[in-house]
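Data first, discussion second: the structure below is written as structure tokens.
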Amino acid sequence: MAPKKAPKKRNREKEPHAQVPRKLKSGRWQARVTYYDGETGERHEIGRTFDTEREAKKWGREQEMAYREDPNRKPPSEEAFAEFFEKWLEGVAASRVRDTTTKAYRRYAKPVIRALGRKPLKALTPADFQSVYADMLKEGKATSTVHHTHVVAHSSLDEAVNWGLIPFNPVDRVKPPRVTSPEIVPPRADEARALLDAAKHHRLKALWWFIAITGCRKGEAVALKWSDIDWDGKVVWIRRTAAEEGGLLTVHDTKTVKGRRAVALSAYLLDILQEHQELQDLERELNGPDWNSGELVFPSRRGTMLWPTNVATIFRKLRREVGCRDDIKIHGLRHAMATDWLVAGVPIKVVSERLGHANIAITLQIYGHLLSNMQADAAEKMDGRLRQPSTRNPHEI
């Protein structure tokens with residue numbers, strides 16, 4: 001009987017190793033690492049291109065070490081980025097954030113999916129994402145929008161690394177553009193007065209005054225209910241906000257703890273709200289059964305919730321009637337309140353709390369230029385106080 005042949009050794013016994021970098025015709029250097037699947041024994045290879053041989057060797061050593069520490073590591077995934085992103089969005093992100101945030105993730109990811117969606121996960125490179133960011137800026141996208149795209153792409157591919165689909169996150173090695181916020185130019189005091197005077201007989205007069213004095217966002221204002229107002233305590237509780245996404249109007253709790261806040265009301269604003277409530281009672285009687293049963297403070301003529309975009313449209317019409325600058329938006333009233341308080345010397349922490357910012361850093365980012373301008377005035381006042389002649393007897397010790 002012929003002796004049995006010894007079974008072939010499986011490749012799983014072979015160690016991963018970095019190959020000698022290869023110089024390309026372009027002058028760049030290609031690094032390659034060979035490794036073997038711990039279950040099937042199949043041979044795989046990953047590679048990257050670098051400007052110098054030194055960089056290529058360094059990357060090869062790092063990857064070799066990573067595979068030695070984890071011999072059962074899965075080979076890079078052939079799955080397309082778009083397919084993976086959808087799984088991540090619906091399976092992971094959706095369980096951690098609100099529906100509106102998930103929709104925002106999908107919106108911010110569109111430029112990346114459009115450019116790289118068909119590309120396998122294992123083939124994604126830092127240069128791919130850097131190119132997408134550059135194209136977004138050329139199209140006129142704000143740096144903050146590009147930054148949001150970067151954050152979403154990074155979060156999704158971090159999960160791909162955790163799942164063992166790719167050896168590293170390519171977005172880790174990409175620098176998004178520095179976020180620059182346009183300087184806010186709120187309406188001047190005379191412009192704000194003109195807007196509010198023009199709204200004297202407007203159906204939504206109370207809404208404009210409410211935003212101007214409380215500094216609330218329009219989404220927070222249209223979601224406000226009468227039960228949120230403490231007439232005796234002279235405060236209003238901001239608990240929820242309305243948002244539009246994909247042609248739908250949704251209402252959610254405010255995103256952060258700081259967003260859920262009590263805002264003090266002035267006696268004048270309370271009078272305006274009282275007058276508004278009386279007029280709303282008349283509207284309810286005139287509409288009868290057609291009136292929505294909700295208790296919204298600033299509803300439509302039928303008692304239904306106003307859409308934030310419609311509120312902005314109504315405000316633009318009012319602005320045109322007054323002849324104010326086109327760049328004044330409804331949130332300009334909110335900015336006017338914040339500006340007036342800061343110029344008056346109200347502590348920035350108080351202003352930040354009234355605006356519902358998550359932290360003071362956000363307030364400083366938006367209104368920091370006002371504080372820097374106030375330094376000159378403060379310096380002059382300090383100089384004047386120090387230079388005042390002393391009333392102390394010069395012979396006193």
Side-chain angles (χ1 to χ4, degrees), residues 8-89 91-93 109 111-113 115-134 146-147 149-177:
K8 291 183 179 180
K9 291 184 179 181
R10 300 187 67 180
N11 284 334
R12 68 174 64 189
E13 298 177 2
K14 295 184 178 180
E15 293 290 328
H17 66 277
Q19 299 183 28
V20 177
R22 179 172 58 189
K23 191 171 185 179
L24 304 176
K25 290 182 179 180
S26 62
R28 305 189 76 200
W29 292 84
Q30 184 184 51
R32 294 171 296 159
V33 175
T34 300
Y35 65 96
Y36 300 86
D37 188 277
E39 296 180 359
T40 66
E42 292 182 1
R43 180 181 183 277
H44 298 277
E45 184 177 287
I46 59 172
R48 279 193 63 194
T49 305
F50 296 88
D51 292 331
T52 66
E53 183 181 15
R54 181 179 178 182
E55 290 176 313
K57 285 182 177 180
K58 181 176 181 293
W59 180 83
R61 287 193 300 269
E62 290 173 350
Q63 295 304 308
E64 179 183 320
M65 184 60 67
Y67 281 102
R68 286 182 186 278
E69 293 174 356
D70 184 9
N72 295 317
R73 194 173 184 139
K74 295 179 181 179
S77 176
E78 297 282 352
E79 185 176 24
F81 176 55
E83 183 181 350
F84 162 78
F85 182 84
E86 195 62 30
K87 289 180 181 177
W88 170 80
L89 191 66
V92 178
V112 177
I113 298 299
L116 307 174
R118 295 182 180 180
K119 200 166 186 177
L121 285 175
K122 70 173 189 178
L124 294 173
T125 67
D128 289 333
F129 292 90
Q130 201 75 65
S131 177
V132 171
Y133 300 166
V146 180
H147 181 77
T149 297
H150 173 78
V151 170
V152 173
H154 186 275
S155 297
S156 65
L157 290 176
D158 256 356
E159 209 67 52
V161 174
N162 292 337
W163 293 350
L165 301 179
I166 49 178
F168 68 93
N169 187 341
V171 185
D172 273 339
R173 306 174 185 186
V174 183
K175 291 184 179 179

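Along the sequence shown, the residues carry numbers beginning at 1.
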Would you say Leu157 and Leu121 make side-chain contact, with heavy atoms under 4.5 Å? yes
Please give me the minimum heavy-atom distance between Val152 and Ala109, naming the atom from each residue. CG1-CB, 4.3 Å
Is there side-chain contact between Val33 and Trp59, with heavy atoms separated by less than 4.5 Å? yes
Is it the case that Arg173 places NZ or CZ above or below the six-membered ring of Phe168, under 6.0 angstrom from the centre and within 45 degrees of the axis? yes
I need the Glu83 CD to Lys87 NZ distance, nearest 0.5 Å. 4.5 Å
Just checking Lys23: does its NZ atom have more than 12 heavy atoms from other residues, nucleotides or ligands closer to it than 6.0 angstrom? no
Please check: side-chain N/O of Ser131 versus main-chain N/O of Ala127, any donor-acceptor pairing under 3.5 Å? no
So, for Trp29 and Ala56, which heavy atoms are closest and what is the spacing to 0.1 Å? CB-CB, 4.0 Å
Please tell me if the side chains of Phe50 and Arg48 come closer than 4.5 Å, counting only heavy atoms from C-beta onward. yes
Do Phe81 and Leu124 come within less than 4.5 Å of each other through their side chains, counting heavy atoms only? yes
Taking atom types as modelled, is there a side-chain donor on Thr125 or Asp128 under 3.5 Å from an acceptor on the other? yes
Decide, yes or no, whether a salt bridge links Lys122 with Glu79 under the criterion of side-chain N to carboxylate O below 4.0 Å. no
Non-hydrogen atoms of Pro170 and Ile166 that approach each other most closely: CD-CD1, 4.1 Å
Measuring only between side-chain heavy atoms, which start at C-beta, is His150 closer than 4.5 Å to Tyr133? yes
Contact check, side chains of Trp163 and Glu159, non-hydrogen atoms, under 4.5 Å: yes
Go through Leu116 and Phe129 one step at a time and tell me if the side chain to side chain contact (heavy atoms under 4.5 Å, CB included) criterion holds. CA-CA 8 Å; Leu116 307 174; Phe129 292 90; 3.9 Å; yes
Closest non-hydrogen contact found for Thr49 with Arg28 is O-NH2, 3.5 Å
If you look at every heavy atom in Ala80 and Gly117, which pair is closest and at what distance? CB-O, 3.5 Å
Is any side-chain heavy atom of Ile113 less than 4.5 Å from a side-chain heavy atom of Phe85? yes
Heavy-atom closest contact (Lys175 atom, Gln130 atom, distance): O-NE2, 3.1 Å
